[in-house]
Amino acid sequence: MPGPAPDERMRPKGRRNTQGIRVDPEAEVTHEPRQAVLSALVKHRPGVLSEVSALFSRRQFNIESLTVGPTVDDDTARMTILIEEPEPGIDQAKKQLQKLVPVISVRELEGEAVRRELALVKVSGEKPDDVNAVADMYNGQAVDASTDSVTVEITGSKQKIDAAIEAFKQFDVQEIVRTGAAALERGPKTLEKDV
Amino acid sequence: MSERASVPKEEEETEPETEQEPVTTGAQSVIRALENAETDYVFGVQGGAIMPVYDALYDSDINHVTMAHEQGASHAADAYGVVTGDPGVCFATSGPGATNLVTGIADANMDSDPVIALTGQVPTEFVGNDAFQETDTVGITQPITKESYFAADSDTVGDDVSEAFALADAGRQGPTLVDLPKDVTQGETEVEPGSPETPETYEVPEEADDENVQEAAEALAEADRPVILSGGGVIKADASSALREFAKEYEIPVITTMPGIGSFPEDHELSLEWAGMHGTGYANMAISNTDCMLAIGTRFDDRLTGGVDSFAPDAEVIHVDIDPAEISKNVYADYPLIGDARNVLRQLFDAMPRAPDADEWRDQCQTWKDEYPMDYDTPDDEPLKPQYVVEQFSEMTPDDTIVCTGVGQHQMWASQFWEYTEPRTWVSSHGLGTMGYGVPAAIGAKLAAPDQEVVCFDGDGSFLMTVQGLSVAVREQLDITYVVLNNEAVGMVRQWQDGFYEGRRMASEYPWIPQFDKLAEAFGARGFTLESYDNVEETIQEARDYDGPSVIDAHIDPGENVFPMVPSGGDNGQFALNEDHLDMI
């Protein structure tokens with residue numbers, strides 16, 4: 001075949017980065033990962049959770065936590081999904097979620113959204129008063145006690161729970177269970193209606 | 001005899017409603033839902049758990065084509081959907097029947113082909129108990145369908161099927177599945193299914209935002225080196241004629257993707273044919289050097305883009321797609337236009353302030369066409385070249401001839417050396433790249449378009465994977481010409497081994513393949529052999545003339561490779577025209 005060989009051909013000047021975005025030679029654009037809270041209203045029926053979690057795993061979105069529970073409407077459930085991704089990934093996650101048939105609506109909650117998670121921490125029962133004192137510092141409370149163990153409930157932000165668990169380590173932590181974050185937008189805005 | 005054989009068909013206008021007996025079972029409701037959706041053909045294989053549905057089909061006017069393997073049923077339904085534009089339907093029983101459908105469903109999903117799969121399931125009380133021929137079909141197929149339904153109730157099973165049918169066709173087309181437990185289809189019900197409607201949560205964008213369209217049109221009009229990249233979505237949206245009008249009015253060169261073949265006539269002077277790994281040199285040069293790309297109905301697959309860092313690096317991208325999730329997924333869109341391709345093209349047509357000033361660019365594209373023509377060597381003493389067979393066949397047939405293929409080197413030759421001018425005449429497996437797609441796809445295509453000629457180019461490796469489908473083509477007396485471009489190898493693998501694995505041909509050579517002409521005769525089809533240039537046209541003509549399936553076993557040059565080639569992850573402008581170039585890039 002005729003025609004110039006590869007190294008003799010007309011060449012473009014530009015470039016894109018690995019995210020497919022054109023690179024401005026003055027200032028290259030790359031997006032660092034950030035944490036995003038996605039809130040999704042979904043149909044309350046079997047299989048939806050697996051559909052959502054399978055979507056995240058097959059598209060390799062880095063999921064931090066996922067919680068799901070019913071809403072005031074018996075037919076819908078609400079999921080709170082924490083992901084850590086660069087900007088284009090967060091946008092993709094939102095759009096791919098929205099594509100799932102049982103998903104009614106999806107929104108990324110703003111930074112100041114109310115976010116809470118829950119931890120139950122079971123520690124040794126040798127020093128119940130000390131345990132209570134630490135629990136108080138984190139607005140927690142003992143919810144079960146026996147001669148050998150005390151179980152404390154802590155609710156709050158991820159940072160607060162991390163700190164509380166760190167503090168409980170002095171009492172020989174036997175077991176921990178944590179939920180992921182549940183989150184709601186501040187103010188009158190809801191997933192069903194924009195205000 | 002079935003009831004329908006003894007009842008004379010009434011005129012459609014005279015009370016068509018009274019023809020239908022009320023449904024009495026879930027299975028009848030399933031069939032009624034398909035009838036309501038105007039299903040003509042169903043491709044499937046019988047079995048234990050799907051038997052009630054087949055029993056209900058006995059009394060229906062819907063034609064059933066028994067396939068030789070369920071994989072063929074899903075591919076035939078897929079091709080039927082591609083050619084007609086309406087969902088193709090396939091049936092399989094539970095367990096292995098359902099899992100055999102999976103390849104075809106995944107194939108349809110990757111290519112956004114409208115398919116609805118109905119699978120039998122063990123009775124509800126056994127579900128989850130590992131019963132005979134049980135499998136979690138919904139779980140298996142969820143990632144490869146728009147939605148998989150588990151029908152839980154005889155009263156609603158018909159509505160599930162109606163919804164699945166509508167969903168397969170709506171917006172960005174794709175496959176859906178309904179899993180049908182045997183007790184649900186056997187169960188009594190008097191509930192007639194509603195008309196096909198998509199679920200309320202599924203919204204289809206129709207038109208793009210006018211302001212965005214205006215901005216995009218101005219960017220395109222400003223461009224010095226504009227191109228249109230037309231994907232499979234243009235064909236699916238029936239937007240081919242809108243595209244033709246737009247490109248001709250504003251004189252913008254058109255490149256297609258491989259699934260977009262046929263969306264723009266390859267014999268038109270603005271056509272650069274298709275781009276990508278084995279696309280034309282001129283299409284790839286234009287991709288590489290354009291400064292504004294109007295991309296319509298394409299998901300920027302890596303076989304098209306190569307490495308995204310070098311894909312159209314100078315270009316502002318206007319991306320038209322009906323699926324918002326495709327926008328900026330692989331290539332960033334400077335101007336996203338979400339909507340139906342046909343509507344958005346009309347909006348763009350009206351919004352264009354003027355044609356781009358691109359005389360120089362069009363001249364440059366013409367220069368590339370002259371510099372990198374699609375060509376191959378044909379000395380008389382060499383073994384038969386596959387490209388010659390494809391080219392001759394293309395010249396002998398009408399424009400609306402449908403070409404189906406398997407996957408491999410033959411698929412590339414069939415796409416490169418056949419001249420496509422009409423939409424829905426190229427039926428192939430793109431995204432999933434399914435070897436074995438060709439034989440059953442040609443069956444689906446022929447039934448979808450009985451008045452059009454259908455030819456299937458296959459490779460020896462690909463053909464062997466679904467060759468049992470020949471029995472179906474023979475039984476249905478389908479006038480299909482299969483051409484096996486036989487190089488006794490999985491040629492594409494061998495080509496890569498030679499190019500990138502130092503010629504270590506591990507498991508890619510097939511010196512033990514059968515004589516395909518005799519195999520064809522054993523199935524009851526006509527068989528031909530082609531070994532030299534002498535009788536190519538004559539053999540093709542004979543095969544075409546035969547009224548039924550025929551197989552031409554074309555012994556081609558085993559050393560022939562597919563070029564041009566952009567190596568995987570490479571730069572579109574750095575395609576190789578031969579083995580030497582591969583060392584340079």
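Every chain is numbered from 1, with letters handed out A, B, ... down the list of sequences.
B:Tyr376 pairs with exactly one of B:Gln416, B:Gln387, B:Glu391 by the side-chain hydrogen bond (donor to acceptor under 3.5 Å, both in side chains) rule, that one being B:Glu391.
The pair A:Glu84-A:Arg34 does not meet the salt-bridge criterion, since no charged nitrogen lies less than 4.0 angstrom from a carboxylate oxygen. Under 4.0 Å is where a charged nitrogen must lie from a carboxylate oxygen, and between B:Lys329 and A:Asp91 no such pair does. Here B:Glu147 pairs with A:Arg45 in a salt bridge; the nearest charged N to carboxylate O distance falls below 4.0 Å. The pair A:Lys189-A:Glu110 meets the salt-bridge criterion, since a charged nitrogen lies less than 4.0 angstrom from a carboxylate oxygen. Salt bridge status for A:Arg107 with A:Glu185: present, with a side-chain N to carboxylate O gap under 4.0 Å.
When the candidates B:Gly171, B:Ser148, B:Ala312 are compared by the number of heavy-atom contacts under 4.5 Å with chain A, B:Ala312 comes out ahead. Counting heavy-atom pairs under 4.5 Å between each of A:Leu55, A:Val101, A:Val103 and chain B puts A:Val101 at the top. Options B:Asp370, B:Ile585, B:Asn289, B:Val138 differ in how many heavy-atom pairs under 4.5 Å they form with chain A, and the most are formed by B:Asn289. Listed options B:Thr305, B:Thr367, B:Thr290, B:Ile327 were ranked by heavy-atom pairs under 4.5 angstrom with chain A; first place goes to B:Ile327. Between chain A and the residues B:Val317, B:Thr198, B:Asp323, the largest count of heavy-atom pairs under 4.5 Å involves B:Asp323. The greatest number of non-hydrogen atom pairs below 4.5 Å with chain B, out of A:Pro102, A:Gly20, A:Ser50, A:Pro46, is found for A:Gly20. Looking only at heavy-atom pairs under 4.5 Å with chain A, the residue among B:Pro143, B:Ser328, B:Gly281, B:Pro199 that has the most is B:Pro143. If you tally non-hydrogen atom pairs under 4.5 Å between each of A:Lys99, A:Glu51, A:Lys43 and chain B, the highest count goes to A:Glu51. Of the residues considered (A:Gly89, A:Ser105, A:Pro6, A:Pro88), A:Pro6 shows the highest number of contacts with chain B, using heavy-atom pairs under 4.5 Å.
Scanning all heavy atoms of the two residues, the minimum distance from B:Phe311 to A:Arg16 falls at O-NE, 2.7 Å.
Both the backbone and the side chain of B:Asp314 have a heavy atom closer than 4.5 Å to some heavy atom of chain A. When heavy atoms are compared at a cutoff of 4.5 Å, B:Asp580 does not approach chain A at all. At a 4.5 Å heavy-atom cutoff, the contact between B:Glu200 and chain A is made by side-chain atoms alone. In this structure, chain B has a heavy atom under 4.5 Å from the side chain of A:Arg58, while its backbone stays farther away. Contact of B:Phe575 with chain A is made through backbone and side chain together, with heavy-atom distances under 4.5 Å. Both the backbone and the side chain of A:Ala5 come within contact range of chain B, with heavy atoms under 4.5 Å apart. Only the side chain of B:Asp334 comes within contact range of chain A, with heavy atoms under 4.5 Å apart.
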Under 3.5 Å, which donor-acceptor pairs link side chains of residues 113-122 of chain A to any protein atom two or more places apart or in another chain?
unit_1	atom_1	unit_2	atom_2	d
A:Arg115	NH2	A:Gln35	OE1	3.1
A:Glu117	OE1	A:Arg178	NE	3.4
A:Glu117	OE1	A:Arg178	NH2	3.4

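Judged by distance alone, with hydrogens and angles left aside, the side-chain atoms of A:Ser157 form a donor-acceptor pair with the main-chain N or O of A:Lys160 at under 3.5 Å. Side chain of B:Thr280 to main chain of B:Leu272: a donor-acceptor pair is present (N/O by atom type, distance under 3.5 Å, no hydrogens or angles).
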